[in-house]
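Please read all numbers here as calculations on a predicted model, not as lab measurements.
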Amino acid sequence: MKHSILFLASALMTFQIWAQERKLPIDTTVTTQHSVNINGTPINYTATTGTQPVWDEMGKPIASLHYTYYTRNNIKNRATRPLLFSFNGGPGSGSVWMHLAYTGPRVLKIDDEGYPVQPYGVKENPFSVLDVTDIVYINPANTGYSRTIPEKGDEVDRDKFFGINADIKYLAEWMNTFVTRNNRWRSPKYIIGESYGGTRVMGLSLALQNQQWMYLNGVIMVSPADYKVIRVGGPVSSALNLPYYTAAAWHHKALPPELQSKDLLEVLPESEDYTINTLIPAIAKGGFISDNERNTVAEKMAHYSGLDKKDILDHNLDVPTRFFWKNLLKEKGGYNVGRLDSRYLGIDRQLFGDGPDYSAELTSWLHSFTPAINYYLQEELNFKTDIKYNMFGPVRPWNNDDDNTRDNLRQAMAQNPYLNVLVQSGYYDGATTYFNAKYTMWQVDPSGRMKDRFEFKGYRSGHMMYLRREDLKKANDDLRVFIQRTMTQGESAKY
């Protein structure tokens, strides 16, 4: 009987410990030491991964955000060392994507084009920008290991987290605390956001200045999502897809011979020019376009897209991206092409349809990213937990009202002469297309008086352009040059 009681007590104690570990401490850190060779130079660095609270107006913790912070060792003057804040998008996506595939010191074990390779895991990133900047990867509420407090139920005040403006407000406050705790107020600061993260960092640029009095040197938008275009629809939104159609069709050798024989970067300016000067006005005419002009435009769209002219006419010149993904290769193998990266191919149940059954590229990415981030955080960074890493977390419904982020960025740039913008996009991204990103960049400052502070870089890959090894190097090099060029080196902030 005595042994049974002891066994039961031991079992209960074990259960209690396990139950406690299922909920992360709201304020904790784990620090480890590492090294990496970047462009042939050995770099020793410290990795700090942990959680930091989000507080309400009364100082009560209402969320705990998980982050990973990399600092290069043996830096004599940390005040002159840049700090890069990194966000992914979704909304609802963890920071895993750019962390383990783009700027961080470790990247996925994948092939040179970005496809999964077993056994899963990570390897050195020889192109990481850790040589020139410290980096912190932030998981917003309910993404990665970050959680609201409480996690579920009616007590969660969703209005404080899950919307464009709420997201910007609490993250700006959290970043202020992080900078203070880590003594980084004097450092040049940069924020990078991918996809929805582009909307996030446009808004943060002004919120950090006007609410936290924190001024930036650079905003980097990777494959940015601009909802002023994507969700509005209409002639501009529709027409801006054509250059992406051209790029994806070129990749799959689906364009006419006279275009296919040219390099991609020779073909795209033609498609862009046609889009701006002919296609937008044509679609704007709607049902009042003449039959002759409609026919001529459809023929040219077919020329630049690889689609059938009749299909274009049947859509009244407004061809949805889903139709393109499903039908581009209908007569050329019957594959669908990926949404976020149209280099990827998928197989549907039937050839006929208006859209693919699934996203070929996203399933491929989850295939390799999910095991890698779980292994990496727990085994290499020694952050032990039983809770689930949310690749995509429960953040919806998401409040998209009062989206002024594009003008937020313009105002932040106007107030801060130091602030520069870099836009990076993959030509084969069909979700947040490269030409949409260019259009956003053009629209931020309608006066054109700050256009010399904008820079666009394109890559021969998709949404996560860094998955292709050649673009991983090129994109990091572009980012490295941007950071070094915008550090000002003692130049006064004035016009």
Side-chain angles (χ1 to χ4, degrees), residues 88-94 96-98 100-101 108-111 113-118 120 142-144 194-197 222-223 225 227 230-231 241 244-245 247-254 305-308 311 315 319-374 388-398 425-434 436 460-468:
N88 275 99
S93 173
V96 53
W97 313 99
M98 290 197 294
L100 274 196
L108 299 171
K109 286 183 178 177
I110 50 180
D111 73 14
E113 291 298 314
Y115 292 89
V117 173
Q118 288 183 321
Y120 305 115
N142 283 3
T143 75
E194 179 181 81
S195 195
Y196 176 81
V222 178
S223 307
Y227 297 134
I230 294 173
R231 288 181 175 157
N241 290 324
Y244 150 70
Y245 292 163
W250 183 92
H251 176 77
H252 291 291
K253 297 179 171 54
S305 69
L307 295 174
D308 184 78
D311 287 336
H315 282 93
V319 181
T321 48
R322 282 183 55 79
F323 183 87
F324 177 83
W325 304 326
K326 175 71 175 180
N327 290 280
L328 174 66
L329 301 180
K330 183 178 179 180
E331 306 300 330
K332 303 176 182 68
Y335 295 102
N336 67 63
V337 301
R339 168 180 173 261
L340 291 159
D341 191 331
S342 293
R343 297 176 303 142
Y344 290 74
L345 301 177
I347 299 175
D348 286 346
R349 179 173 181 173
Q350 58 186 30
L351 291 178
F352 176 81
D354 291 329
D357 294 348
Y358 67 103
S359 296
E361 76 298 333
L362 188 56
T363 55
S364 175
W365 298 343
L366 288 168
H367 196 144
S368 52
F369 274 95
T370 307
I373 190 64
N374 281 279
K388 177 184 175 183
Y389 186 97
N390 283 339
M391 303 294 284
F392 299 102
V395 303
R396 300 184 186 279
W398 189 266
S425 290
Y427 296 121
Y428 308 133
D429 179 0
T432 58
T433 70
Y434 88 91
N436 202 325
R460 297 179 187 236
S461 43
H463 195 72
M464 298 179 190
M465 72 283 172
Y466 41 78
L467 292 179
R468 182 170 175 261

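- With sequence neighbours excluded, the residues that form a side-chain hydrogen bond (donor to acceptor under 3.5 Å, both in side chains) with Y389 are N139.
- One N or O on the side chain of T370 and one on the backbone of L366 form a donor-acceptor pair closer than 3.5 Å.
- Of all non-hydrogen atoms in F324 and S305, the two that sit nearest each other are CE1-O, 3.5 Å.
- Less than 6.0 angstrom separates the ring centroid of W398 from the ring centroid of Y196.
- Counting heavy atoms from C-beta outward, Y245 and W250 have side chains that stay 4.5 Å or more apart.
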- Can you list the steps and then say if W325 with T321 is a side-chain hydrogen bond (donor to acceptor under 3.5 Å, both in side chains)? CA-CA 6 Å; W325 304 326; T321 48; 5.1 Å; no

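- For S368, the side-chain contact (heavy atoms from CB on, under 4.5 Å) partners are L108, I110, P116, not counting sequence neighbours.
- Residues forming a side-chain hydrogen bond (donor to acceptor under 3.5 Å, both in side chains) with S195 (at least two apart in sequence, or on another chain): H463.
- In this structure, H315 has no side-chain hydrogen bond (donor to acceptor under 3.5 Å, both in side chains) partners at least two apart in sequence or on a different chain.
- Of all the heavy atoms in K330 and L351, the pair that sits closest is CE-O, 4.2 Å.
- The distance from the CD1 atom of I373 to the CH2 atom of W97 is 10.0 Å, given to the nearest 0.5 Å.
- Partners of K109 under the side-chain contact (heavy atoms from CB on, under 4.5 Å) rule, at least two apart in sequence or in another chain, are K123.
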Residues 337-345, side-chain donor-acceptor partners within the protein, below 3.5 Å, at least two apart:
| from | atom 1 | to | atom 2 | distance (Å) |
| --- | --- | --- | --- | --- |
| D341 | OD1 | R343 | N | 3.1 |
| D341 | OD1 | R343 | NE | 3.1 |
| D341 | OD2 | R343 | NE | 3.3 |
| D341 | OD2 | R343 | NH2 | 2.9 |
| D341 | OD2 | G462 | N | 3.2 |
| S342 | OG | Y244 | OH | 2.5 |
| S342 | OG | G338 | O | 2.7 |
| R343 | NH1 | E113 | O | 3.3 |
| R343 | NH1 | E113 | OE1 | 2.9 |
| R343 | NH2 | E113 | O | 3.3 |
| Y344 | OH | G114 | O | 3.2 |
| Y344 | OH | W365 | NE1 | 3.1 |

- Message: Walk me through whether T433 and N241 qualify under side-chain contact (heavy atoms from CB on, under 4.5 Å).
- Response: CA-CA 7 Å; T433 70; N241 290 324; 3.9 Å; yes

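- Residue D429 comes nearest to S223 through the heavy atom pair OD2-CB, 3.7 Å, listed as atom of the first residue, atom of the second, then distance.
- Sparse packing is recorded around NZ of K388, with 12 or fewer heavy atoms of other residues, nucleotides or ligands lying under 6.0 Å away.
- By the side-chain hydrogen bond (donor to acceptor under 3.5 Å, both in side chains) test, E331 pairs with no residue at all, sequence neighbours left out.
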- Item | Candidate pair H251 and R460, rule side-chain contact (heavy atoms from CB on, under 4.5 Å), full reasoning | CA-CA 9 Å; H251 176 77; R460 297 179 187 236; over 6 Å; no

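- Closest of all the heavy-atom pairs between Y428 and A247 is CE2-O, 3.2 Å.
- Under the ring pair (Phe, Tyr, Trp, His ring centres under 6.0 Å) criterion, H252 pairs with no residue at all, not counting sequence neighbours.
- Sorted pairs that involve residues 349-365 and meet salt bridge (Lys or Arg N to Asp or Glu O under 4.0 Å), not counting sequence neighbours, are lacking altogether.
- Judged as a side-chain contact (heavy atoms from CB on, under 4.5 Å), and not counting sequence neighbours, the contacts of T363 are Y358.
- In this structure, M391 and S93 have side chains that are not in contact, with every pair of non-hydrogen atoms separated by 4.5 Å or more.
- Below 30°, between 30° and 60°, or above 60°: for Y434 and Y427 the angle between ring planes is above 60°, a perpendicular geometry.
- Note: K253 NZ to K332 NZ = 13.0 Å, rounded to the nearest 0.5 Å.
- Formation of a donor-acceptor pair under 3.5 Å by the S359 side chain with backbone atoms of L362 is not found in this model.
- Partners of D348 according to the salt bridge (charged side-chain N to carboxylate O under 4.0 Å, His left out) rule, which considers only residues two or more places apart in sequence or in another chain, are K326.
- Within the 3.5 Å criterion, the main-chain N or O of F323 finds a donor-acceptor partner in the side chain of N327.
- Partners of A249 by side-chain contact (heavy atoms from CB on, under 4.5 Å), not counting sequence neighbours, listed by chain and number: A254, L255, L328.
- The minimum heavy-atom distance between N88 and G94, with the atom names listed, is CB-O, 3.3 Å.
- A side-chain donor-acceptor contact under 3.5 Å links N390 to the backbone of N142.
- Proximity of a side-chain donor or acceptor of S364 to a complementary backbone N or O of Y115 within less than 3.5 Å is not detected.
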